[in-house]
Enquirer: 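Take this structure first; my questions come after.
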Amino acid sequence: MTTKQKILAKALDLFNTDGVESVTTRHIAKSIGMSQGNLHYHYPTKNVVVKALFEQFLTEVQNAERFKDNNFAKEQVIGSMKDNFEIMFRYRFFFKDNEVVWRRLPEIKKTTLELFNLKKTQILQIITLYKNQGIFREQISENQVLFLAEQFIFSITSWLSAKEYLDQESDISEYYARFTFRIWLPYLKEEEMRKWEEVL
């Protein structure tokens, strides 16, 4: 592991544990036995550290993309959700401290909102495909489809806060992927609901 990687790994750990505002570059340097001046040689400010971690986060999200081949099987969807929850948990300070991060670095807010708008578009594509395939009930209107996509994004962006209330510790990414996936069940045809219940 390079010096820069060690700095980022320790910063990520401290930000996740103590919050962005509480952690300084001095804290990070001390935690890895480095002088603050040496750390500043690699990352001049805390904001630069945060931006570097955000770039790592984006790269991991892009590398985890499962829909490049337009394969929207339910197993693929739940697998993709699990991947994304794992990444979000690894970089959870971006979501738990989002107001702090966004105030310090508005460009991160802009990119995060763009990312979740992309996710919403993907969800809409999947729901529309399932509706056309007869998996979803015919009675579902376009407004309901849009509401479902927005509800899905709301669940994805708020699960880290909800986690504190639900006392769920074992494989949380798996748990919340299945938890969020269940939002779709009432919209399915009865025979499809049984098939999806088997996956869950």
Side-chain angles (χ1 to χ4, degrees), residues 1-65 80-123 149-169 171-177 179-180 183:
M1 186 181 286
T2 67
T3 300
K4 295 184 84 167
Q5 289 171 332
K6 287 179 183 176
I7 293 169
L8 292 183
K10 179 50 68 175
L12 180 59
D13 180 50
L14 292 173
F15 290 156
N16 282 336
T17 303
D18 301 326
V20 176
E21 281 194 318
S22 300
V23 177
T24 66
T25 54
R26 181 174 57 82
H27 292 135
I28 299 167
K30 185 177 179 181
S31 295
I32 55 177
M34 173 186 292
S35 71
Q36 191 174 4
N38 192 11
L39 186 147
H40 285 169
Y41 171 78
H42 298 283
Y43 297 103
T45 66
K46 183 166 72 171
N47 280 357
V48 176
V49 175
V50 173
K51 283 195 279 190
L53 286 170
F54 189 68
E55 288 301 319
Q56 279 189 184
F57 164 74
L58 290 178
T59 298
E60 290 191 30
V61 169
Q62 290 162 1
N63 290 341
E65 178 61 66
S80 176
M81 287 164 50
K82 184 177 185 296
D83 292 344
N84 280 276
F85 280 132
E86 285 177 350
I87 296 167
M88 287 178 71
F89 186 73
R90 199 153 49 245
Y91 294 88
R92 56 193 174 276
F93 81 92
F94 281 120
F95 304 95
K96 296 183 81 172
D97 287 355
N98 67 320
E99 289 185 8
V100 174
V101 173
W102 290 1
R103 186 173 64 248
R104 294 177 69 100
L105 295 159
E107 63 269 33
I108 287 182
K109 177 179 181 179
K110 179 176 180 291
T111 304
T112 302
L113 294 178
E114 288 171 352
L115 173 64
F116 280 98
N117 278 330
L118 174 62
K119 293 294 179 186
K120 180 180 173 182
T121 299
Q122 289 177 331
I123 293 300
E150 290 178 346
Q151 186 181 29
F152 208 72
I153 294 300
F154 178 79
S155 297
I156 291 171
T157 55
S158 62
W159 74 281
L160 284 165
S161 297
K163 169 188 171 296
E164 304 300 326
Y165 296 91
L166 295 178
D167 190 29
Q168 178 64 36
E169 293 299 332
D171 198 356
I172 57 171
S173 58
E174 178 80 24
Y175 175 83
Y176 284 100
F179 183 93
T180 306
I183 292 172

Enquirer: So, are Lys82 and Glu86 salt-bridged, with charged N and O less than 4.0 Å apart?
Expert: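 Yes, Lys82 and Glu86 are salt-bridged.
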Enquirer: State, yes or no, whether a side-chain contact exists between Phe95 and Thr157 at a heavy-atom distance under 4.5 Å.
Expert: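 Side chain of Phe95 against side chain of Thr157, heavy atoms only: no contact under 4.5 Å found.
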Enquirer: Check whether any side-chain heavy atom of Thr112 lies under 4.5 Å from a side-chain heavy atom of Ile108, and answer yes or no.
Expert: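 Counting from C-beta outward, Thr112 and Ile108 do come under 4.5 Å.
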Enquirer: Has the side chain of Asn16 got a donor or acceptor atom that lies under 3.5 Å from a matching backbone atom of Arg90?
Expert: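 Looks like yes, one N/O pair under 3.5 Å.
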Enquirer: For Lys119, does the NZ atom sit with more than 12 other heavy atoms under 6.0 Å from it, leaving out its own atoms?
Expert: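 Count over threshold, so yes.
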Enquirer: Would you check if Leu160 and Tyr176 make a side-chain contact, meaning some heavy-atom pair closer than 4.5 Å?
Expert: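 The answer is no, as the side chains (C-beta and beyond) never meet within the 4.5 Å cut-off.
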Enquirer: Quick check: do Phe57 and Leu115 have side-chain heavy atoms less than 4.5 Å from each other?
Expert: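 Counting from C-beta outward, Phe57 and Leu115 do come under 4.5 Å.
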Enquirer: Keeping Asp18 on the side-chain end and Val23 on the backbone end, is there a donor-acceptor pair under 3.5 Å?
Expert: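 Absent.
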Enquirer: Can any side-chain N or O of Asn98 pair as donor or acceptor with the backbone N or O of Phe94 at less than 3.5 Å?
Expert: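 It does not hold such a pair.
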Enquirer: Is Lys46 paired with Glu21 through a side-chain N to carboxylate O contact shorter than 4.0 Å?
Expert: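 Salt bridge flag = no for Lys46 with Glu21.
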Enquirer: With a 3.5 Å distance limit and no angle check, can you tell me whether Lys10 reaches the backbone of His27 through a side-chain donor-acceptor pair?
Expert: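 Such a contact is absent between Lys10 side chain and His27 backbone.
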Enquirer: Under 3.5 Å, which donor-acceptor pairs link side chains of residues 32-40 to any protein atom two or more places apart or in another chain?
Expert:
from, atom 1, to, atom 2, distance (Å)
Ser35, OG, Asn38, N, 3.0
Gln36, NE2, Thr25, OG1, 3.0
His40, NE2, Thr25, OG1, 2.9

Enquirer: Check whether more than 12 heavy atoms from other residues, nucleotides or ligands sit under 6.0 Å from atom CD of Gln5, and answer yes or no.
Expert: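 Correct, the count exceeds 12.
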Enquirer: Tell me if a side-chain donor or acceptor on Thr180 pairs with a main-chain N or O of Ala177 at a distance below 3.5 Å.
Expert: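 Checked: no pair found.
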Enquirer: Is there side-chain contact between Leu113 and Trp102, with at least one heavy-atom pair below 4.5 Å?
Expert: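 Answer yes - side chains close enough.
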Enquirer: Kindly indicate, with the supporting measurements, whether the criterion ring pair (Phe, Tyr, Trp, His ring centres under 6.0 Å) is fulfilled by Phe116 and Phe152.
Expert: CA-CA 11 Å; Phe116 280 98; Phe152 208 72; over 10 Å; no
Enquirer: Looking only at non-hydrogen atoms, find the nearest pair between Asp83 and Ala64 and report the distance.
Expert: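 Between these two residues, the closest heavy atoms are OD2-O, 4.0 Å.
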Enquirer: Considering non-hydrogen atoms only, spot the tightest contact between Leu8 and Leu53 and give its length.
Expert: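 Here Leu8 and Leu53 meet closest at O-CD2, 3.6 Å.
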Enquirer: If we only count heavy atoms from C-beta on, is the Met88 to Ile156 side-chain gap below 4.5 Å?
Expert: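 A side-chain contact under 4.5 Å exists here.
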Enquirer: When rounded to the nearest 0.5 angstrom, what is the spacing between CD in Glu107 and CG in Leu105?
Expert: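 Here the interatomic distance stands at 5.0 Å.
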Enquirer: Is the NZ or CZ atom of Arg92 both under 6.0 Å from the centre of the six-membered ring of Phe89 and within 45° of that ring's axis?
Expert: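 Yes, Arg92 sits over the ring of Phe89.
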Enquirer: Nearest heavy-atom pair of Asp97 and Gly19: which atoms, and what distance?
Expert: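 Shortest heavy-atom separation between Asp97 and Gly19 comes out as OD2-CA, 3.2 Å.
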Enquirer: With rounding to the nearest 0.5 angstrom, report the CZ to CE distance, Phe179 to Met81.
Expert: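 So the gap between those two atoms works out to 10.5 Å.
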Enquirer: So, for Ser31 and Leu14, which heavy atoms are closest and what is the spacing to 0.1 Å?
Expert: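 Between these two residues, the closest heavy atoms are OG-CD1, 3.7 Å.
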Enquirer: Is there side-chain contact between Ile7 and Ile28, with heavy atoms separated by less than 4.5 Å?
Expert: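 Yes, close enough: below the 4.5 Å cut-off.
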Enquirer: Evaluate the criterion salt bridge (charged side-chain N to carboxylate O under 4.0 Å, His left out) for residue pair Glu99 and Arg103; output intermediate values, then yes/no.
Expert: CA-CA 6 Å; Glu99 289 185 8; Arg103 186 173 64 248; 5.7 Å; no
Enquirer: Drop me the distance from Phe54's CZ to Asn47's CG, to the nearest 0.5 angstrom.
Expert: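 So the gap between those two atoms works out to 13.5 Å.
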Enquirer: side-chain contact (heavy atoms from CB on, under 4.5 Å) between Leu12 and Phe93: does it pass, once the steps are laid out?
Expert: CA-CA 8 Å; Leu12 180 59; Phe93 81 92; 3.7 Å; yes
